[in-house]
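Read the structure below first, then the notes.
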Amino acid sequence: MPELPEVETVVRTLNKTIKNKVIKEMNFFYKKILQNTTEQTIKRTLENQKIEKISRKSKFIIFEFNEYVMISHLRMEGKWFYYPNLETIPSKHTEVQIIFEDNTQLMYFDTRKFGTIHLFKQDEYEHVDLIAKLGPEAISKNWTAKNLYDKLQKKKTAVKTVLLDQTIIAGLGNIYVNEVLFECKILPTRPANEISIEECQNIINNSQIILQKAIEYGGTTVKSFQSSEDNKGGYQQFLKVHFNEKKPCKNCGNSVTKMFVNGRGTYICVVCQK
DNA sequence: CAGCATACCTGACCGC
DNA sequence: TGCGGTCAGGTATGCT
């Protein structure tokens with residue numbers, strides 16, 4: 001499901017619904033979701049503990065407890081839904097059920113089973129590769145044109161592929177990178193080392209504008225993205241090229257083309273993007 | 001190390 | 001109706 005705006009939306013929703021709740025019981029129906037721990041260990045560690053807050057690092061959701069953090073990555077289709085009572089019971093694609101002391105609950109669903117959960121000590125997680133290797137956040141002020149330019153200079157692959165590399169820049173995914181490159185009038189297939197410093201500045205500016213706006217609208221609902229069961233994203237209406245194959249380009253009216261770059265669906269206007 | 005292919009999974013959709 | 005192929009918001013791993 002999620003790129004940075006969708007994950008941010010989920011985190012905001014979770015802070016409204018489950019912050020300060022104490023876990024009574026955790027159930028894992030798909031145990032392979034646990035990457036660096038076991039069902040027995042995570043239950044022993046987190047049951048009876050309070051979720052102090054939920055934060056985000058790039059596309060990772062961080063459930064913060066007193067001494068530990070549980071880190072969830074939704075990958076393509078993961079969803080955390082809150083239910084105010086116990087009437088909803090786990091179903092076919094429920095992988096995790098967290099029941100709180102007040103008999104409310106949180107469930108994790110993931111049809112494709114790509115999502116992951118890690119358990120770390122609170123004071124160690126920022127230093128593990130998973131988190132430490134991430135590049136600057138696409139919406140942070142620390143991301144400068146010079147910084148991006150220097151990184152792109154070292155790569156000969158398609159600029160789109162490099163922008164999707166989370167160790168270069170964290171938070172862009174396939175939808176928004178397509179939108180950003182369209183807005184910048186840059187062909188996704190251009191070799192990264194041929195992107196000028198002015199174009200780097202343009203990529204940064206447009207990434208920040210697009211991601212911020214997507215956050216305001218609660219993300220983009222593709223198929224089933226929802227931050228909660230009754231809350232769908234609203235950014236789809238602003239997509240200019242993604243999902244717009246054969247529709248007229250919003251700038252010039254030429255038909256939007258779909259192609260593949262490094263195996264990912266890529267939407268462009270061949271007239272506007274150079 | 002760079003760059004590319006493949007693996008991880010399931011379901012929806014399309015053409016025959 | 002069924003079958004086979006393709007595609008989907010992501011990332012880790014392994015090959016050349």
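Naming convention: chains lettered A, B, ... in sequence-line order (proteins, then strands); numbering from 1 in each chain.
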Kindly point out which of [options] is positioned nearest to the side chain of [X]?
X        : options               : result
A/Thr157 : B/dC4, B/dG11, C/dG10 : B/dC4
A/Lys156 : C/dA12, C/dG10, B/dG3 : B/dG3
A/Glu3   : C/dG10, B/dC9, B/dA2  : C/dG10
A/Lys59  : B/dG11, C/dT11, B/dC9 : C/dT11

Exercise for review: Scan A/Tyr235, A/Tyr267, A/Phe182 and name whichever one has a ring pair (Phe, Tyr, Trp, His ring centres under 6.0 Å) with A/Tyr176.
Suggested key: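 Testing each of A/Tyr235, A/Tyr267, A/Phe182 against A/Tyr176, the sole residue satisfying ring pair (Phe, Tyr, Trp, His ring centres under 6.0 Å) is A/Tyr235.
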
Atom pair distance, as rounded to whole Å: [atom1] in [X] and [atom2] in [N]:
X        : N      : atom1 : atom2 : answer
A/Asn193 : B/dC1  : CG    : P     : 19 Å
A/Lys160 : B/dG3  : NZ    : C1'   : 16 Å
A/His73  : C/dA12 : NE2   : C1'   : 11 Å
A/Asn178 : C/dC7  : CG    : P     : 15 Å
A/Arg75  : B/dC8  : CZ    : P     : 13 Å
A/Leu163 : C/dG10 : CG    : C1'   : 16 Å
A/Leu172 : C/dG10 : CG    : C1'   : 13 Å
A/Asn174 : C/dC7  : CG    : P     : 13 Å

Please work out if [X] contacts a base, only the sugar-phosphate, or nothing of the nucleic acid, heavy-atom cut-off 4.0 Å.
X        : result
A/Phe243 : nothing
A/Gly265 : sugar-phosphate
A/Phe109 : nothing

Review point. Is there a stack between A/Phe114 and B/dC8, judged by ring centres under 5.5 Å and planes under 30°?
Key: yes

**Study point:** Polar side-chain atom of A/Arg75 near backbone of A/Thr116 as donor-acceptor pair, under 3.5 Å
**Key:**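 The answer is no, because no donor-acceptor pair under 3.5 Å joins these two groups.
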
Is any side-chain N or O of [X] closer than 4.0 Å to OP1 or OP2 of [N]?
X        : N      : value
A/His93  : B/dC9  : no
A/Lys92  : B/dG11 : yes
A/Gln166 : C/dT11 : yes
A/Arg264 : C/dG10 : yes
A/Lys258 : C/dA8  : yes

Check your understanding: Is B/dC9 paired to anything, Watson-Crick or G-U wobble with both distances less than 3.5 Å, and if yes, which nucleotide?
Key -> none

Which value, in whole Å, describes the distance between the [atom1] atoms of nucleotides [N] and [M]?
N      : M      : atom1 : answer
C/dC3  : B/dC9  : P     : 24 Å
C/dT6  : B/dA5  : P     : 16 Å
C/dT11 : B/dG11 : P     : 23 Å

**Study point:** Check against side chain to side chain donor-acceptor pair (under 3.5 Å), A/Glu198 and A/Asn202
**Key:** CA-CA 6 Å; A/Glu198 291 78 17; A/Asn202 210 6; over 6 Å; no

Exercise for review: To the nearest 0.5 Å, tell me how far A/Ile195 CD1 sits from A/Leu148 CG.
Suggested key: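 Separation between the atoms: 9.0 Å.
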
**Study point:** Non-hydrogen atoms of A/Glu47 and A/Met26 that approach each other most closely
**Key:**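 Looking at all heavy atoms of both residues, the closest pair is OE2-N, 2.9 Å.
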
Review point. Taking C-beta and beyond as the side chain, do A/Glu77 and A/Phe114 meet within less than 4.5 Å on heavy atoms?
Key: no

